[in-house]
Amino acid sequence: MKNKKVSSKMVVGDTNQAEDMKEFWDNSFIEHQTMWGFSPSHSAILAKDLFVDRGLKDILIPGIGYGRNGQIFIENDMKVTGIEVSETAIELAKDHYGSEMQIFQGSVTEMPFDKHLYDGIFCYGLLYLFNHNQRKKMIDDCFNQLQEGGWMIFSVISKNSPNYGKGKEIGKDTFEIGKGGQLYFYDMDAVQREFKEYGLLDFFEIDEQINAVTKQAAFKFIMIICRKDSKDDTVKNEKDCTPNHLSAVLNKMLSYHQ
């Protein structure tokens, strides 16, 4: 597969929605502060395991929030750069984690914020908050900021999540949340449509936000693993995802859903 190169121009007509999202998240962080606690998501833990195993050192996290999913990478000797639309969240990240994370303030719809190429990109949630054009642009932009041979992992909400169908339906598999917010729920077909051109290796459902009392998951997410081809490649395509080509850690991830 050839490395994909696309335009990163802002999609016309999305500016107002981006402003609404900024206001939505600023208000959320002002009111709820560190609303998800400080433990990393299940997705972040699995991504860390893969990135450590593959020797990645330079990670971009779009939608880093107040940093709870960034700290686990720093603790494993990786440099973390984030993108966050909420100034309040960035200040919270500085208060709790210091200055180890460089965070660009702005919407991911305005990517790229620099010309740097990263060897790993991790994005938890976020993508499903945008419309189709914005999601397409964000995936393009992330892929274009990967080094050859780099990995990117997205974790998105699944149609099998118990909150599917809650709120006003405003589009196919898309429901309104709060003022100015929306959720697009993925199924396996949607993952293939949106990621098939971006080195898609595998995708599988995982539980997120396990309740400490009930031990039940609040949400079902789909974890999406992609890799950008390099000139000297040992992983050529999906049929090469075997123990002869991938590490034990990645194989464990690929079989997590079985």
Side-chain angles (χ1 to χ4, degrees), residues 3-30 36 44 47 58-70 73 79-94 97 99-147 150-157 170-171 174 176-184 186 194-195 197-199 224 226 228:
N3 292 341
K4 190 173 180 65
K5 200 71 176 174
V6 297
S7 170
S8 291
K9 292 182 180 179
M10 181 69 177
V11 179
V12 176
D14 288 337
T15 304
N16 290 339
Q17 186 185 9
E19 287 300 315
D20 288 343
M21 289 299 294
K22 181 181 185 303
E23 182 180 359
F24 174 84
W25 285 111
D26 249 336
N27 291 339
S28 295
F29 284 114
I30 289 170
W36 297 295
D58 195 4
I59 311 303
L60 176 67
I61 303 181
I64 197 169
Y66 54 84
R68 71 164 180 134
N69 282 328
F73 298 102
K79 177 185 175 184
V80 170
T81 302
I83 301 171
E84 175 53 49
V85 70
S86 169
E87 295 176 10
T88 302
I90 294 173
E91 289 304 313
L92 289 169
K94 290 178 181 177
Y97 299 113
S99 58
E100 287 187 278
M101 305 177 197
Q102 178 189 359
I103 303 179
F104 293 106
Q105 195 277 317
S107 171
V108 295
T109 59
E110 299 165 357
M111 289 177 69
F113 287 86
D114 61 17
K115 296 181 179 180
H116 185 68
L117 298 182
Y118 299 86
D119 55 17
I121 294 176
F122 173 67
C123 182
Y124 176 78
L126 185 63
L127 185 66
Y128 52 63
L129 298 173
F130 297 116
N131 64 36
H132 175 77
N133 289 336
Q134 291 170 326
R135 295 196 305 272
K136 171 68 173 172
K137 180 183 182 297
M138 183 181 173
I139 298 168
D140 283 339
D141 289 338
C142 287
F143 194 76
N144 286 340
Q145 284 205 261
L146 272 185
Q147 296 180 11
W151 298 78
M152 68 180 189
I153 294 178
F154 285 79
S155 194
V156 298
I157 200 158
I170 57 177
T174 306
E176 192 174 63
I177 52 164
K179 182 182 178 182
Q182 65 178 45
L183 282 181
Y184 174 73
Y186 279 81
E194 296 193 6
F195 287 90
E197 298 180 34
Y198 300 95
I224 304 161
C226 300
K228 191 172 189 176

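- Here the closest heavy-atom approach between residue K228 and residue Q147 is recorded as CD-O, 3.7 Å.
- Atom CD1 of residue I139 and atom CE of residue M152 lie 6.5 Å apart, to the nearest 0.5 angstrom.
- The structure places CD1 of I103 at 11.5 Å from CD of E100, a figure rounded to the nearest 0.5 Å.
- Considering every non-hydrogen atom in both M138 and P62, the closest pair reads CE-CB, 3.7 Å.
- Proximity of a side-chain donor or acceptor of R135 to a complementary backbone N or O of L127 within less than 3.5 Å is not detected.
- Within the 4.5 Å cutoff, the side chain of L129 has heavy atoms near those of the L183 side chain.
- Across all non-hydrogen atoms, the minimal contact from I157 to Y128 is N-CD2, 3.1 Å.
- Annotation: side-chain hydrogen bond (donor to acceptor under 3.5 Å, both in side chains) contacts of H116 (sequence neighbours excluded): D58.
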TODO: Report the C-alpha separation of F104 and E110 in whole Å, then their side-chain angles, then the decisive distance to 0.1 Å, and conclude whether the side chain to side chain contact (heavy atoms under 4.5 Å, CB included) test is met.
DONE: CA-CA 11 Å; F104 293 106; E110 299 165 357; over 6 Å; no
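- Partner of I64 under the side-chain contact (heavy atoms from CB on, under 4.5 Å) criterion, chosen from L126, I83, V80: V80.
- Qualifying side-chain contact (heavy atoms from CB on, under 4.5 Å) partners for I170, counting only residues two or more places apart in sequence or in other chains: K168, T174, E176, Q182.
- Taking CG of N69 as the reference point, atom CZ of F122 lies at 5.0 Å (rounded to 0.5 Å).
- The CG atom of L146 sits 11.5 Å away from atom CG of D141, with the distance rounded to the nearest 0.5 Å.
- In terms of heavy atoms, M101 sits closest to G67 at CE-O, 3.4 Å.
- For the pair T81 and F113, the minimum side-chain heavy-atom distance is 4.5 Å or more.
- Ring geometry for F143 against Y198 counts as perpendicular: the plane angle is over 60°, on a 0 to 90° scale with 30° as the lower cut.
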Open item on the list: Show, in sequence, the C-alpha distance, side-chain angles and deciding distance for I59 and D119, and conclude whether the side chain to side chain contact (heavy atoms under 4.5 Å, CB included) test is met.
Closed with: CA-CA 6 Å; I59 311 303; D119 55 17; 4.0 Å; yes
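- Two residues are said to be in side-chain contact when any heavy atoms from C-beta on lie closer than 4.5 Å; C123 and C142 fail this criterion.
- Residue R68 holds its CZ atom at 13.5 Å from CG of L92, rounded to the nearest 0.5 Å.
- The side-chain contact (heavy atoms from CB on, under 4.5 Å) check on E91 picks up K94, with sequence neighbours excluded.
- Within the 3.5 Å criterion, the main-chain N or O of K115 finds no donor-acceptor partner in the side chain of Q145.
- By the ring-ring contact (aromatic ring centres under 6.0 Å, His included) test, Y186 pairs with Y184, sequence neighbours left out.
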